[in-house]
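Shown next, in structure tokens, is the structure this report addresses.
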Number of protein chains: 2
Amino acid sequence: MDLRHLKYFIAVAEELNIGRAALRLHISQPPLTRQIQQLEEELGVQLLVRTPRGVELTQAGEMFLEEARNIRSLVEQAIERTKRAGQGKLGRLDIGIFGTGILSAIPQMLHLFRDTHPDVRVVVHTMTKDEQIEALRQRRIALGFNRILSPLPDIENELIIKEPLFLVVNANHPLSRQESVSFMELAKHPLVLFPTGARPNFVDRVMELCANMGFTPEISQIVGDVVTGVALVAGGFGITLVPRSATTLNLPGVVYRPFFDSLSATIDLSCIYRKDDQSAILQAFLGVIRAFREQHGGQ
Amino acid sequence: MDLRHLKYFIAVAEELNIGRAALRLHISQPPLTRQIQQLEEELGVQLLVRTPRGVELTQAGEMFLEEARNIRSLVEQAIERTKRAGQGKLGRLDIGIFGTGILSAIPQMLHLFRDTHPDVRVVVHTMTKDEQIEALRQRRIALGFNRILSPLPDIENELIIKEPLFLVVNANHPLSRQESVSFMELAKHPLVLFPTGARPNFVDRVMELCANMGFTPEISQIVGDVVTGVALVAGGFGITLVPRSATTLNLPGVVYRPFFDSLSATIDLSCIYRKDDQSAILQAFLGVIRAFREQHGGQ
DNA sequence: CGACGCAATACCCAAAAGGTATGCCAGCGA
DNA sequence: TCGCTGGCATACCTTTTGGGTATTGCGTCG
């Protein structure tokens, strides 16, 4: 049996006249007669009774009509869904983010993507950098967000934005009286840094920036994550640094201050994905990321 | 697109190797390659990525595989259901019965039919003889049960059983002391008869039987239905007659007695249906009716 | 670097779908 | 009652297309 048989039978059942149905199908009457006969023979069931004025459906014919319409609509739906999947408009996208990535630009991009691709189910997995790479290789995720990365042969690494760093000080700290501060202040105060976990990471980036400015900072503590770090500053344990997006973290007793003398005091937000992944959904998401990057001019 | 494409794609998706899939489909590899290419082209979507060791599904391919399996099972189900409908094993049967037909052999036949055709939905409509004929002509029912019928050109009338009649008397009546009675007793007692409604009916049948025995009964009342008639007897209003199947009607103060001298004191139970109705479900039901008739030897 | 495995291509044949002409039958009007 | 009409079925031809065989092309892996 064939989808053609279904189409033809539906036409005949709706017209109740083989000739008219043939007209509607843009074929001539004899082949249609033959196809219907074939269908009946294949099913071993009489679907039509031939009357002097046309045809009528038997009960089996009624049953088959219902099923045929059902199948036809399912086929149309299947084609539609597959096309949409092929365009990256339907399906599932698994993304790896790092612990506090949720404070960065990531939510904005997720939002943009969901608006333009409402039928793609986005599943976010919190994982470390190494876990992301492992998950990419096993195809458990298609995309990961991260900050500090060494190049890998099979993984593409695409910069999204360079975020300027902000100083975080206690509201009672003398530096809080300035609107903006000098990066050199970092040499004079004990630093709380983060995260613990796979190196190189944010700690190394800060050390590198300080080295560029010609000093080595005093590190009082290295804590697990940005929230803990800022909480310690709120509690009076020194100062710290965060990417601009983390300044949305509104803890009482803490103020954020930009640097007036260090354009290079930035931290990258990047995404990583398999070099060999051509999936339409990933490409669609990369499109959103690139649009986002254009819009933010690299920072 | 064609059901063949679905079958082929499912095979390829399951084998992840076009050559092996071709083997499984009992065709050679090149036509299968071509069919899959055709399918991809028609959908405008890449379903497979060709690797050195075979093929892999794209996300769109995964989507299409799911849909294709879905469609295939629906098609199989459609064929199965249509075949069963063609054999009268699936569908709906509308039956007309008369008011108290539910007391006769009808429930037994319905039961037999339901046991052998569990997926046919039997819908019973209570209607008079004339309503049944009208409903048959309009195809609102496929079969009617009735007792007294004149032949009609378009309606077949098939006898099911001849039921012997039973005398119904009050438990205090002198006749109740006999195990069986003579039909001639009817000449000596006022008769309650039924039903009111389209003639000829049960009343005429009783009159005919009496005439055959050479007397005219005294009719005290004609009431709507058998239950009312028996209830009147229970209340002391004369005697009546019922078909054997109605003796299941167990009213207090009433006894049923057979006739020892009248083999012909019977009433027919018949069924009626359109002479032109070849529907498998009706034929199946008629089969049950005929089996029932054989089993009961005509009475 | 050559052998192997697999998909793709080229080309042919056969099956089957579609077309035209015609037959056959029932109902209907002159 | 006898054509005439409308409808499905049949016969036969043409064209499309599915399937087969042979071969090529392209990675990968000893």
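The shown structure was predicted, so the numbers you read here are calculated from the model rather than taken from an experiment. Proteins get letters first, then strands, A, B, ... in listed order; numbering begins at 1 in each. Note that these values count all heavy atoms, side chains included, but never hydrogens, waters or copies made by symmetry.
For the pair T33(A) and dC8(D), the criterion of a side-chain N or O lying under 4.0 Å from OP1 or OP2 is not met. Taking 4.0 angstrom as the limit, N17(A) places a side-chain polar atom (N or O) nearer than this to OP1 or OP2 of dC8(D).
Under the 4.0 Å criterion applied to side-chain N and carboxylate O atoms, E14(A) and R24(A) are assigned as salt-bridge partners. A salt bridge does not link K275(A) with D154(A): none of the charged nitrogens is closer than 4.0 Å to a carboxylate oxygen. For the pair D94(B) and R140(B), the salt-bridge criterion is not met [side-chain N within less than 4.0 Å of a carboxylate O]. A salt bridge between R205(A) and E208(A) is present, with a side-chain N of the basic residue lying under 4.0 Å from a carboxylate O of the acidic one.
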Quiz prompt | Step-by-step salt bridge (Lys or Arg N to Asp or Glu O under 4.0 Å) determination, R290(B) to E158(B) | solution = CA-CA 9 Å; R290(B) 285 161 195 159; E158(B) 188 166 329; 2.7 Å; yes

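dG5(C) atom C1' lies 16 Å from atom CZ of R50(B), rounded to whole Å. In this structure, CG of L16(A) is placed 13 Å from C1' of dG7(D), rounded to the nearest angstrom. For Q37(A) and dC8(D), the CD to C1' distance is 9 Å, given to the nearest whole Å. What separates CD of E40(B) from C1' of dA7(C) is a distance of 12 Å, to the nearest Å. Between the CG atom of L39(A) and the P atom of dA17(C) there is a distance of 12 Å, rounded to whole Å. Regarding Q46(A), its CD atom lies at a distance of 13 Å from the C1' atom of dC8(D), rounded to whole Å. In this entry the distance linking CD1 of I36(A) with P of dC8(D) reads 11 Å, nearest Å. Rounded to whole angstrom, the span from the CD atom of E41(A) across to the P atom of dA9(D) amounts to 13 Å.
Other residues, nucleotides and ligands contribute more than 12 heavy atoms inside 6.0 Å of the CZ atom of R4(B).
Of the residues in residues 55-63 of chain A, those placing a heavy atom less than 4.0 Å from an atom of DNA chain D are V55(A), in numerical order.
Counting any heavy atom pair closer than 4.0 Å across all strands shown, Q38(B) reaches sugar-phosphate atoms only and no base atom.
For D276(B), the side chain to side chain donor-acceptor pair (under 3.5 Å) partners at least two apart in sequence or on another chain are R274(B).
Between the E15(B) side chain and the R20(B) main chain, no donor and acceptor come within less than 3.5 Å of each other. Of the possible polar contacts, one joining the K129(B) side chain to the P200(B) backbone as a donor-acceptor pair under 3.5 Å is found.
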Nucleotide by nucleotide, nucleotides 18-28 of chain C touches protein heavy atoms under 4.0 Å in the pattern (B base, S sugar-phosphate only, - none) BBBB----SS-

